[in-house]
Peer 1: 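Attaching a single structure in structure tokens format; questions to follow.
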Amino acid sequence: MSLFPARRRWLSGPQRGAYRREVHAQADRQRWRPVWHAAAEGSGLSRDVAVAAGITTIVPELVSVGRPTVGPTALVVRLLPGQLAADVRAVADRLAPALGAVQLRVTGLSDGVHVRIELLDRDPLAEAFRPMLPAVATITDPLILGLADDGVVVSHALADATHLAVQGMNGSGKSRFCYGLLSQCAHAPDVLVAGSDITGLLLGGPWAGTRHREHQAAGTGDLEQHAASLERLVELMDQRLADMPRGVDKIAPSSDVPLVLVVAEEWPGLLRAAQARDRKLADRITSAMLRLASEGRKAAFRVLVLAQRFEAAAVGGGYLREQLGLTISFRVPTESLVMLHGDDARELGAAHRTAEPGIAVVSAPGRPLARMRAPWFGEYRDYCAAVGGDDW
Ligand SMILES: Nc1ncnc2c1ncn2[C@@H]1O[C@H](COP(=O)(O)OP(=O)(O)OP(=O)(O)O)[C@@H](O)[C@H]1O
Ligand SMILES: [Mg+2]
């Protein structure tokens with residue numbers, strides 16, 4: 001519709017509404033254009049181009065300004081040739097104050113040339129996420145992993161043939177996250193929570209008297225039991241693979257043949273402790289874990305490895321890290337973030353190095369990189385009560 005129709009007086013009601021909206025939209029664009037231009041130029045999104053009159057500076061064009069009644073103001077801009085949404089995300093920290101926002105949420109539109117920039121007045125992950133965490137009934141039910149900064153709940157079903165990696169510095173929220181995760185799957189009859197935990201907090205004690213406990217090794221008193229327990233799991237995996245009926249390439253878990261979730265809490269700590277005792281012991285533990293991770297998917301095994309950082313030297317080689325598809329990083333240095341999530345994560349590095357406990361970056365093949373807030377599960381005794389061991 002033309003902005004100034006010749007016979008404005010005779011516009012119908014809906015036409016008048018559309019006319020008014022267009023006038024407001026144009027006024028918004030007018031008002032935002034110099035602000036956007038200065039912000040984009042100052043943040044390095046501009047280019048100098050030669051024109052007849054000399055050199056001029058261009059920035060991605062501001063196409064529209066949306067001001068919904070609910071939700072943040074959103075700018076849509078058209079990228080310059082060769083620019084990506086990632087280029088805008090990379091300078092989001094510089095753009096935000098220039099646009100009067102605390103934080104930006106940048107989304108590339110499906111046409112590949114436009115980007116939506118939402119101006120947030122606070123970090124959407126600033127507040128604790130305290131959902132109900134119901135116990136799942138089976139491996140196809142989604143486990144709640146967290147709340148992404150676009151307000152979508154991030155979930156994962158163990159039926160997906162993916163192993164998990166969780167990293168984070170001291171006190172960043174790894175264990176709490178796992179309290180939430182394990183308590184959700186503790187009562188599914190087709191899941192067995194097995195593995196090794198030198199801290200004896202995540203596995204071990206809380207699970208006393210449950211069907212899971214005999215498949216877990218906990219504490220540092222007897223490191224041999226960690227190797228033996230992981231080797232028993234490898235035997236079970238081999239048995240399942242050997243018994244696999246003809247014409248079947250993967251096992252369908254059931255309560256008789258449950259999916260085995262092999263948890264390795266403080267994995268580098270276990271390897272270091274074993275190495276200090278006896279190199280052969282460390283080799284046994286490493287090779288059992290590598291076999292579970294590389295061959296276990298078909299035999300309904302999933303591994304969940306926790307480490308402060310996933311440096312190859314600390315986790316027994318880069319090969320293990322490459323097997324872990326669903327990756328979650330709590331507060332870590334930028335290099336560790338990039339190591340687990342790829343180069344796209346670099347732009348989040350500066351902010352994530354000092355992230356609050358419980359704030360994580362999550363990614364998986366086919367799942368775009370996202371920031372999320374892990375659920376707040378409650379206190380340790382709540383976890384112990386939720387997994388249903390005898391002592392609680
Ligand atoms: N999702 C969360 N929301 C809010 N606060 C959290 C969350 N997760 C953890 N915290 C806070 O961070 C503290 C440390 O969490 P946690 O013990 O899980 O860290 P960790 O990464 O396992 O540390 P460590 O490496 O020392 O084992 C918790 O006691 C709690 O105060
Ligand atoms: Mg911990």
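The structure presented is a predicted model; accordingly, all values stated were derived computationally and were not measured. Each ligand, and each atom within it, is numbered from 1 in the order the structure gives.
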Peer 1: In this structure, are over 12 heavy atoms from other groups packed under 6.0 Å from Q225 atom CD?
Peer 2: yes
Peer 1: Going from CE on M289 to CG on L292, what distance comes out if it is rounded to the nearest 0.5 angstrom?
Peer 2: 6.5 Å
Peer 1: Are Q83 and P60 side-chain neighbours, meaning at least one heavy-atom pair lies under 4.5 Å?
Peer 2: yes
Peer 1: Could you tell me whether F177 and ligand 1 have an N or O pair separated by under 3.5 Å?
Peer 2: no
Peer 1: Please step through salt bridge (Lys or Arg N to Asp or Glu O under 4.0 Å) for the pair R346 and E335, ending with a clear verdict.
Peer 2: CA-CA 8 Å; R346 191 173 292 282; E335 288 316 313; 3.1 Å; yes
Peer 1: Considering only heavy atoms from C-beta outward, does the side chain of H114 approach that of L79 to under 4.5 Å?
Peer 2: no
Peer 1: Does at least one non-hydrogen atom of P375 fall below 4.0 angstrom from an atom of ligand 1?
Peer 2: yes
Peer 1: With a 4.0 Å cut-off on heavy atoms, is W376 touching ligand 1?
Peer 2: yes
Peer 1: Applying a strict 4.0 Å limit to heavy atoms, is R373 in contact with ligand 1?
Peer 2: yes
Peer 1: Return the closest protein heavy atom for atom 12 (O) of ligand 1 as residue, atom name and distance.
Peer 2: P357 CB, 3.2 Å
Peer 1: Which residue holds the protein heavy atom closest to atom 18 (O) of ligand 1, what is that atom called, and what is the gap in Å?
Peer 2: R176 N, 2.8 Å
Peer 1: To which protein heavy atom is atom 19 (O) of ligand 1 closest, and what is the distance rounded to 0.1 Å?
Peer 2: G173 N, 3.0 Å
Peer 1: From T57 OG1 over to D48 CG, what is the distance, rounded to the nearest 0.5 angstrom?
Peer 2: 4.0 Å
Peer 1: What protein heavy atom sits nearest atom 27 (O) of ligand 1, and how far off is it?
Peer 2: E266 OE2, 3.6 Å
Peer 1: Going by side chain to side chain donor-acceptor pair (under 3.5 Å), S329 matches just one of R309, Q167, K174. Which one?
Peer 2: Q167
Peer 1: If only atom types and distance count, is the side chain of R302 paired as donor or acceptor with the main-chain N or O of L164 below 3.5 Å?
Peer 2: no
Peer 1: Which protein non-hydrogen atom lies closest to atom 26 (O) of ligand 1, naming both residue and atom, and how far is it?
Peer 2: N170 OD1, 3.0 Å
Peer 1: Check ligand 1 against M169 and write out every atom of the ligand that is under 4.0 Å from a heavy-atom position of the residue.
Peer 2: 21 (O)
Peer 1: Could you check R321 against M339 for side-chain contact (heavy atoms from CB on, under 4.5 Å), going step by step and ending with a plain yes or no?
Peer 2: CA-CA 9 Å; R321 187 179 63 218; M339 191 175 299; 3.3 Å; yes
Peer 1: Take every heavy atom of G171, measure it against each atom of ligand 1, and state whether any distance is under 4.0 Å.
Peer 2: yes
Peer 1: So which protein heavy atom does atom 22 (O) of ligand 1 come closest to, and at what separation?
Peer 2: S175 OG, 2.8 Å
Peer 1: Report yes or no: does T199 have an N/O/S atom closer than 2.8 Å to the Mg ion (ligand 2)?
Peer 2: no
Peer 1: Look at atom 25 (O) of ligand 1 and say which protein heavy atom is nearest, naming residue and atom and giving the distance to 0.1 Å.
Peer 2: K174 NZ, 2.7 Å
Peer 1: Quick one: nearest non-hydrogen protein atom to atom 1 (N) of ligand 1, plus distance?
Peer 2: A374 O, 3.1 Å
Peer 1: Between the side chains of R89 and D344, is the shortest nitrogen-to-carboxylate-oxygen separation below 4.0 Å, so that they form an ion pair?
Peer 2: no
Peer 1: Say whether S172 and ligand 1 are in contact under the criterion: heavy-atom distance to a ligand atom below 4.0 Å.
Peer 2: yes
Peer 1: Does atom CZ of R31 have more than 12 heavy-atom neighbours from other groups under 6.0 Å away?
Peer 2: yes
Peer 1: Report, in ascending order of atom number, the atoms of ligand 1 lying under 4.0 Å from any heavy atom of Q308.
Peer 2: 25 (O)
